[in-house]
Amino acid sequence: MAIRTILYGYNVENGKTVINIQESEIVKKVFSLYAEGKTLSDIALMLTDHNVIYFRNEVKWNKNTISRMIENEKYIGNDVYPTIISPELFNKARTIKNQKSCKQKKHTKEIELLRKITVCGKCGGRYKRINTWGTREKWMCSNGCACVTYIDDSILEKAISDNFNTAINNPALLDIKADSKYQPTIEAVKEENELLRLMDQPKISFSAVSKSIMQEAKVRFNCCEFDDGELTEELKDEISQLSIDEKLDCRTMKKYIKQVTIQSDGRITTVFINNAEITNGGA
Ligand SMILES: [Zn+2]
């Protein structure tokens with residue numbers, strides 16, 4: 001497929017960019033239709049229906065071609081490009097486009113929730129969501145670890161739904177591995193050593209040992225992330241009865257998801273309320 005290198009509406013003659021009369025009429029038509037309220041797709045369809053050639057006998061218009069045209073400031077003219085569109089018309093089209101994309105970017109309840117529970121896989125800091133140009137959202141770590149992920153809301157939501165579907169199809173994945181949970185703190189190690197020392201005495205003081213055992217048990221207990229088996233069973237039971245067609249709604253997310261982690265390689269981990277984690281295949 002050949003790619004147009006000269007901007008639609010222009011020709012190059014003797015090294016100079018000049019207006020292509022026929023094409024420039026189409027450009028004007030596109031801008032005025034858009035300013036009248038037609039959508040990008042409407043306009044693409046109209047041009048296709050009228051067999052308007054885009055390039056080398058090809059009639060290939062879509063909403064992206066129209067979108068790029070409307071955003072291209074060269075049409076108002078500069079040192080190289082002669083004017084096709086008046087700045088007034090250009091600005092009118094731009095205003096409409098901005099308004100439309102603002103509307104589309106209006107946060108859904110799901111995105112509002114995700115803003116609160118999405119964290120950085122590298123440092124655990126909160127991920128911020130920033131709107132950038134037109135189509136993509138930029139999620140970045142607010143903790144200053146320089147993790148920046150460009151990701152569409154729709155892709156993020158899809159990954160979370162995929163993870164959720166994985167859990168629906170295989171609820172056993174929601175089991176928490178008990179052995180991965182125990183991580184002794186320095187205090188626990190100290191208590192443990194103290195107990196060993198007491199039991200290593202030639203003359204064992206039973207009251208000191210029993211006190212030490214209780215103390216150690218307490219410290220150990222505190223450094224276990226308590227796996228509530230009942231919660232896991234309930235979660236498995238409820239999730240296995242769900243079916244997610246497209247994306248998760250806010251209520252389901254709130255009910256079952258504790259956290260979403262954006263990994264530095266772009267993969268998305270869904271952390272369920274019982275701390276079980278499921279990561280999607282990758283971006
Ligand atoms: Zn980070």
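Being a predicted model, the structure only gives us computed values, none of them experimental. If you read the sequence from its start, that first residue is 1, and numbering goes on from there. Note that ligands are numbered from 1 as they come in the structure, with each ligand's atoms numbered from 1 the same way.
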| Atom CD of Q201 with >12 non-hydrogen neighbours under 6.0 angstrom | yes
| With a 4.5 Å heavy-atom cut-off, do Q241 and D237 have their side chains touching? | yes
| task | State, with a plain yes or no, whether a side-chain heavy atom of Q263 is found less than 4.5 Å away from one of K122. | result | no
| task | Could you tell me whether R129 and D153 make a salt bridge, using a distance below 4.0 angstrom between a side-chain N and a carboxylate O? | result | yes
| query | Tell me, which protein N/O/S atoms are under 2.8 Å away from the Zn ion (ligand 1)? | reply |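 N, O, S partners closer than 2.8 Å: C120 SG, C123 SG, C141 SG, C145 SG.
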| Considering the options T261, N163, T279, which one meets the side chain to side chain donor-acceptor pair (under 3.5 Å) requirement together with T269? |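 By the side chain to side chain donor-acceptor pair (under 3.5 Å) criterion, T269 pairs with just one of T261, N163, T279: T279.
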| said: Regarding S67 and K97, do their side chains bring together a donor and an acceptor under 3.5 Å, going by distance alone? | reply: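 Side chains of S67 and K97: pair found under 3.5 Å.
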